[in-house]
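One structure is given here, and the rest of the page talks about it.
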Amino acid sequence: MGSLNDMTNTTTNEAVEQLLARSHALGADPRFTNYAGGNTSAKGTAADPVTGEDVELLWVKGSGGDLGTLEEKGLAVLRLDRVRALRDVYPGVEREDEMVAAFDYCLHGKGGAAPSIDTAMHALVDATHVDHLHPDAGIAIATATDGEKLTETIFEGKVVWVPWRRPGFQLGLDIAAIKEANPQAVGTVLGGHGITAWGATSAEAEANSRWIIETATAYIEANSVPEPFGPVLDGHAALPEAERRAKAAALAPVIRGIASHDKPQVGHYTDSEVVLDFLARAEHPRLAALGTSCPDHFLRTKVKPLVVDLPATASVEETTARLAELHEEYRADYQAYYDRHATPDSPAIRGADPLIVLVPGVGMFSFGKDKQTARVAGEFYVNAINVMRGAEGISSYSPIEESEKFRIEYWALEEAKLARMPKPKPLATRIALVTGAASGIGKAIATRLAAEGACVVVADLDLAKAQAAAAEIAGSKGADVAVGVAADVSDAAAVAAAVDEAVLAFGGLDLVVNNAGLSISKPLMETTEKDWDLQHDVMAKGSFLVSQATAKTLIAQGLGGDIVYISSKNSVFAGPNNIAYSAVKADQAHQVRLLAAELGEHGIKVNGINPDGVVRGSGIFAGGWGAQRAKTYGIPEEELGKFYAQRTLLKREVLPEHVANAVFVLTGGELSHTTGLHVPVDAGVAAAFLR
């Protein structure tokens, strides 16, 4: 009898090692598959943990995994005899969705990851190793009007055409029958979808997958017409880079507002040559209207994009006005698409806003529930452009029928998959800009906001430090979570450039924290004009410039938002030897009230936080302020934190994280009706109580 510990399936055997190595190799090459697209499998034997006898198993990439980063825990593990036995109880194509639940009764031990809809394809095909991939060249053949004929011509019988069928148990039966009837075949082209290849060994399966893709690629390159997308349209060529990015930054908040009409979205901007060339060509309106074909594509991008029907030379104002009109048309068109195909059992419409917006001469804006999803949606539409180019080059592009797209987009199984997604964090979809965020209080705020689900722009005078802080905050998720930008908040042009970088990174802004600051502690007679101007330039003027620039973005989006000022206890408390700092903090405190009154009509909340005595981790104190204040109070500098704590009502030291907590409370959704408020974070200083 085998060890019951083996039921965890944690012991990697040779078949699994080969499967993971093959998956990584195929997933690492964008020519072969796209992010989270396709699946691979291996069949082999392992000991039954109860009887100790060898049983035949199937290891197959589970639902939602990515080939390039696949780990053993991402594999579903099933008993082959039980999966094959499902053929005897299969109720037919009209009820094939029921077979997905049946896979749960075929699991080996704990079963690993959840089996995907393609499990039947891998189990039923009589080959030890099977690959199902979505390469651009393969889908180009699969979506060509004469794809079946092209498949015969290109592969000479070694690859067999399979007419479009929605993924599921019946498709697995179909491919298994084709392999059995065509012993010379090494794979299939799945109409409108992708390819499947197989082999007796892992190396043979990988070689066959590569051969199919490389053969299709070579044929397209050798036989394509010179201009598959037609000639360049007048006025549609790509704008020069600086002009292009400036226009993109101006349009990004407007476009994000459009994409977020039904629910907030994070954005991604792409101005690659592939996208710009497509939008410059005469055929792009026709092809974009046909929509994508591969299920992996349109599940990420919706069935078709919103395309601005103006030349690149159109002004921002003209484009903005046209976007509003096109958005209404898009929503009506999508609603009509839903109404044409929905049945009483269909899931409710998931929103009628576009996920891909194309602007000639400027580029592509893609959207999703987070930055990674938005970025990947853009990558998938680039794949779709490549597919259309290949199909148009050797034939004509003919995606699957609209009704079939609907059957997949509003598939009950897809709805169930979405329902299993974890609950989003409180700040999911929100984009935050924090000034002075490379260290101290600002870094603590940026760290907390990112931990609560926000995308964060770390703005600081020192670009290298901003980028290092962003990298530390984001960890392995990188620029999908945080980016660092340079920002001299006292310079209007530098502020505008930082805001542009923020909206190009994430599509817009929702949450702005005016934290950048410094302090020089001197009595009146020793405070110089330079001391006064420097502090007012950074904190009073700087906060004004940042609020002005970001409010423009917030208003353009129409999604409301938050502006938070990190002011100070000194904004209401009159202490000694601190004229410039305290005066400028009072200026910031009143900016909160003024902007709360002015921006409320746009749904923008403006609130302030009044910290005090934040010594540990504070950039201001480390920069000499601590020594100055310690001298004022006649104590050693290293005891300043304890000194501040003892003069408070709670006798507690205030840390940067406590200020970050207050920012989250103000912006996390619970205080949705609070604006113009100043929150003390000082452990209780009676002299600074707000009256």
Side-chain angles (χ1 to χ4, degrees), residues 34 134-147 150 164 191-194 216-217 219-221 223-238 270-312 322-323 326 329-330 333-334 336-337 354-367 377-406 408-409:
N34 32 48
H134 300 146
D136 294 347
I139 307 175
I141 305 301
T143 57
T145 300
D146 52 349
L150 284 168
W164 161 259
H193 185 167
T217 301
Y219 182 88
I220 292 169
E221 290 176 352
N223 294 277
S224 179
V225 298
E227 294 184 312
F229 293 150
V232 173
L233 288 169
D234 289 343
H236 283 65
T270 306
D271 61 346
S272 64
E273 184 178 350
V274 171
V275 172
L276 293 171
D277 179 71
F278 175 66
L279 294 176
R281 300 285 176 168
E283 296 301 321
H284 84 264
R286 173 182 65 85
L287 293 169
L290 289 174
T292 52
S293 186
C294 176
D296 265 23
H297 293 182
F298 62 76
L299 283 174
R300 303 270 188 161
T301 66
K302 269 199 165 79
V303 288
K304 62 182 178 181
L306 185 156
V307 184
V308 174
D309 53 359
L310 295 175
R322 185 59 180 143
L323 276 164
L326 290 169
E329 295 173 10
Y330 187 98
D333 183 63
Y334 189 85
Y337 154 76
L355 294 179
I356 303 291
V357 178
L358 304 173
V359 184
V362 176
M364 171 174 60
F365 299 83
S366 54
F367 296 91
E379 292 172 1
F380 272 78
Y381 200 78
V382 169
N383 291 129
I385 291 173
N386 293 335
V387 167
M388 289 185 277
R389 182 191 300 106
E392 289 285 306
I394 57 174
S395 177
S396 60
Y397 175 63
S398 182
I400 62 175
E401 293 293 326
E402 179 186 272
S403 59
E404 288 298 303
K405 293 180 184 181
F406 183 88
I408 289 179
E409 186 178 2

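Numbers for residues simply follow the sequence, beginning at 1.
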Open item on the list: To check you understand the geometry: which heavy-atom pair defines the closest contact between Tyr397 and Gly291, and what is its length?
Closed with: OH-O, 2.6 Å

Open item on the list: Quick one, Phe298 and Phe406 - any side-chain contact, counting heavy atoms below 4.5 Å?
Closed with: no

Open item on the list: Using side chain to side chain contact (heavy atoms under 4.5 Å, CB included), reason through Met364 and Val357 one step at a time and then give a plain yes or no.
Closed with: CA-CA 6 Å; Met364 171 174 60; Val357 178; over 6 Å; no

TODO: Indicate the ring-plane relationship of His284 and Phe278, choosing parallel, tilted or perpendicular according to the 30° and 60° boundaries.
DONE: perpendicular

Task: Atom pair CD (Glu404) and CD (Glu409), whose distance is rounded to the nearest 0.5 Å - done: 13.0 Å

Task: pair Asn386-Val382: side-chain heavy atoms closer than 4.5 Å - done: yes

Open item on the list: Quiz question: by atom type and distance under 3.5 Å, do the side chains of Thr143 and Ser293 form a donor-acceptor pair?
Closed with: no

Open item on the list: Quick test of your reading of the model: are Arg322 and Glu329 salt-bridged, counting only N-O distances below 4.0 Å?
Closed with: yes

- [ ] Kindly give the heavy-atom pair with the smallest separation between Pro228 and Val225, and that separation in Å.
- [x] CD-O, 3.5 Å

Task: Least distance between heavy atoms, Leu355 atom then Thr301 atom - done: CB-O, 4.0 Å

Task: His297 and Tyr381, any side-chain heavy atoms less than 4.5 Å apart - done: no

Task: Lys405, NZ: over 12 other non-hydrogen atoms inside 6.0 angstrom - done: yes

- [ ] Begin from the C-alpha positions of Val362 and Asp271 and carry the test side chain to side chain contact (heavy atoms under 4.5 Å, CB included) through to its verdict.
- [x] CA-CA 7 Å; Val362 176; Asp271 61 346; over 6 Å; no

Open item on the list: Can you confirm whether more than 12 heavy atoms, excluding those of Glu401, are under 6.0 Å from its CD atom?
Closed with: no

Open item on the list: Are His134 and His193, when compared by the centres of their aromatic rings, separated by less than 6.0 Å?
Closed with: yes

- [ ] Begin from the C-alpha positions of Glu283 and Arg286 and carry the test salt bridge (Lys or Arg N to Asp or Glu O under 4.0 Å) through to its verdict.
- [x] CA-CA 6 Å; Glu283 296 301 321; Arg286 173 182 65 85; 2.7 Å; yes

Task: Student check: side-chain heavy atoms of Arg281 and Leu287 closer than 4.5 Å - done: no

Open item on the list: Tell me the closest heavy-atom pair linking Thr292 and Lys302, and the distance in Å.
Closed with: OG1-O, 3.9 Å

Task: Asp136 and Arg389: CA distance, side-chain angles, deciding distance, salt bridge (Lys or Arg N to Asp or Glu O under 4.0 Å) verdict - done: CA-CA 10 Å; Asp136 294 347; Arg389 182 191 300 106; over 6 Å; no

Task: Sub-4.5 Å side-chain heavy-atom contact between His236 and Leu279 - done: no

Open item on the list: For Tyr337 and Tyr334, take the angle between the two ring planes, folded into 0 to 90°, and tell me which bin it lands in: parallel under 30, tilted 30 to 60, perpendicular over 60.
Closed with: tilted

Open item on the list: Testing the basics here: between Ala288 and Pro305, what is the closest heavy-atom pair and its distance to 0.1 Å?
Closed with: O-CD, 3.4 Å

Task: pair Ile385-Phe229: side-chain heavy atoms closer than 4.5 Å - done: yes

- [ ] Using a 4.5 Å cut-off on heavy atoms from C-beta on, say whether the side chain of Leu306 contacts that of Leu358.
- [x] no

- [ ] Please examine the side chains of Arg300 and Glu379, heavy atoms only from C-beta on, and report whether any two atoms are closer than 4.5 Å.
- [x] no

TODO: Report the residue from Asp146, Ile220, Asn223 that forms a side chain to side chain contact (heavy atoms under 4.5 Å, CB included) with Ser395.
DONE: Asp146

Task: Smallest separation among heavy atoms of Thr217 and Ala137, with atom names - done: OG1-CB, 3.3 Å

